[in-house]
Amino acid sequence: MTGEPLPYIMRNDWLVTTILFLCLLGVLFIFSKGRKFLLKQTNGILVNKERSNLFDEATSSDTQYAFFLVSHACIMLVFCLYSFFAKSSPVLFDRFSHFELLVFSAGCVVALFLLKWSAYSFVNWIFFEEARNRLWIQFYFNIFIWMGLLLLPIVLLVVYFNLSLHFSLYLFVGVYLFVKIIIFWRCFNNFFNYFYGTFHLILYLCTLEILPDVLLWKIIILANNFFIQQ
């Protein structure tokens, strides 16, 4: 007799477990050995500097920490997408391998990150001075790093403690809104702290920050629906 296949469970996937284990080890190592680096990243978020000297003071260890934490943040966003569709669209996991879906999610996240980085660099290069542009890019990397650290416990709860889809969405949206509020505040202080700055700020952030997220989400939904119907 043909048995009924068991539903897909992320914590039983060796690839998911291996990636999360390595990410957790890396984060714990940085919290143990790179506390000064994390403190500097936090100050870069909270303190509004007129000039930035982070790149001048950066060591090789800081560069390695930054590269790992940016990659870690991308991986956390990948697993947020991956876990959401694992629960909301399980048909995808019957049609495609888990590795293919992970690669697709990773490609979407990396494309979004590179698109925003390029768009910010290009627009700021046209309208603002170089010192403020460099300060903004450094801040954006810092907030992206801390977003990944905030998402790590949420991803672990989803994968290994079977956190419900709705509650995990609330947590993710909470982190997302918290990050956007900090970006809004720093962007206002950095670029638009004049009389009509709020109106320009809304247009700036909607075009470069909110719109790419909405477009990517819509493209992913349309692609998933297309693959499911095939």
Asker: Between Asn133 and Asn124 (side chain of the first, backbone of the second, donor and acceptor by atom type, cut-off under 3.5 Å), is there such a pair?
Answerer: yes

Asker: Taking atom OH of Tyr160 as the centre, report whether more than 12 heavy atoms of other residues, nucleotides or ligands fall under 6.0 Å from it.
Answerer: yes

Asker: Given side chain to side chain contact (heavy atoms under 4.5 Å, CB included), test Tyr170 with Val175 step by step and report yes or no.
Answerer: CA-CA 9 Å; Tyr170 293 149; Val175 172; over 6 Å; no

Asker: To the closest 0.5 Å, what do you measure between CZ (Phe67) and CD1 (Ile145)?
Answerer: 11.5 Å

Asker: Are Leu156 and Phe21 connected into the same hydrophobic cluster when the rule is that any two of I, L, V, M, F, W, Y join if their side-chain heavy atoms are below 4.5 Å apart?
Answerer: no

Asker: Would you compute the distance between atom CE of Met76 and atom CG of Leu69 and round it to the nearest 0.5 angstrom?
Answerer: 11.0 Å

Asker: Using a 4.5 Å cut-off on heavy atoms from C-beta on, say whether the side chain of Phe144 contacts that of Cys74.
Answerer: yes

Asker: Step by step, would you call Ser168 with Leu157 a side chain to side chain contact (heavy atoms under 4.5 Å, CB included)?
Answerer: CA-CA 8 Å; Ser168 61; Leu157 287 173; over 6 Å; no

Asker: Testing Phe37, Phe141, Phe31 for ring pair (Phe, Tyr, Trp, His ring centres under 6.0 Å) with Tyr65, which one passes?
Answerer: Phe37

Asker: Looking only at non-hydrogen atoms, find the nearest pair between Leu22 and Phe68 and report the distance.
Answerer: O-CZ, 4.3 Å

Asker: To the nearest 0.5 angstrom, please state how far the CG atom of Leu20 sits from the CG atom of Leu25.
Answerer: 11.0 Å

Asker: Do Leu114 and Leu77 land in one hydrophobic cluster if side-chain heavy atoms of ILVMFWY residues count as linked below 4.5 Å?
Answerer: yes

Asker: Do Arg11 and Val16 come close enough that some side-chain heavy atom pair is under 4.5 Å?
Answerer: no

Asker: Is Trp14 reachable from Val158 through a run of hydrophobic residues whose side-chain heavy atoms are each under 4.5 Å from the next?
Answerer: yes

Asker: With a 4.5 Å heavy-atom cut-off, do Val70 and Phe113 have their side chains touching?
Answerer: yes

Asker: Return yes if a side-chain donor-acceptor contact under 3.5 Å exists between Glu209 and Tyr204, otherwise no.
Answerer: no

Asker: Can you find a heavy atom in the side chain of Leu81 that is under 4.5 Å from one in the side chain of Trp217?
Answerer: yes

Asker: Mark yes or no for whether Ser83, through its side chain, and Cys80, through its backbone, hold a donor-acceptor pair below 3.5 Å.
Answerer: yes

Asker: Rounded to the nearest 0.5 Å, how far does CG of Leu149 lie from SG of Cys23?
Answerer: 10.5 Å

Asker: Quick check for you: to the nearest 0.5 Å, what is the distance between Leu152 atom CG and Ile75 atom CD1?
Answerer: 10.5 Å

Asker: For the rings on Phe139 and Trp146, is their centre-to-centre separation under 6.0 Å?
Answerer: no

Asker: Are Leu163 and Leu171 side-chain neighbours, meaning at least one heavy-atom pair lies under 4.5 Å?
Answerer: yes

Asker: Kindly say whether Leu101 contributes a backbone atom to a donor-acceptor pair with the side chain of Ser105 at under 3.5 angstrom?
Answerer: yes

Asker: Decide whether Ile219 and Ile210 are clustered together by the hydrophobic rule: side chain heavy atoms of Ile, Leu, Val, Met, Phe, Trp, Tyr closer than 4.5 Å, transitively.
Answerer: no

Asker: Is the distance between the ring centroids of Phe79 and Phe84 less than 6.0 Å?
Answerer: no

Asker: Evaluate the side-chain proximity of Ile221 to Phe85: yes if any heavy-atom separation is below 4.5 Å, no if none is.
Answerer: yes

Asker: So which residues get pulled into Leu215's cluster when ILVMFWY side chains under 4.5 Å apart are joined, directly or through others?
Answerer: Leu211

Asker: Have Asp213 and Tyr176 got a donor and an acceptor in their side chains that come within less than 3.5 Å?
Answerer: yes

Asker: Assigning hydrophobic clusters by single linkage (Ile, Leu, Val, Met, Phe, Trp, Tyr; side-chain heavy-atom cutoff under 4.5 Å), is Leu151 placed with Ile181?
Answerer: no

Asker: Let me confirm one number: the NZ-CE distance from Lys180 to Met147, rounded to the nearest 0.5 Å.
Answerer: 7.0 Å

Asker: So do the side chains of Ile183 and Trp136 get within less than 4.5 Å of each other, counting heavy atoms only?
Answerer: yes

Asker: Please confirm whether Trp117 and Tyr140 have ring centers closer than 6.0 angstrom.
Answerer: no

Asker: Tell me, do Arg186 and Leu135 make a side-chain contact under 4.5 Å, heavy atoms counted?
Answerer: yes

Asker: Compare every heavy atom of Pro212 with every heavy atom of Leu115, then report the nearest pair and how far apart it is.
Answerer: CD2-CB, 4.3 Å

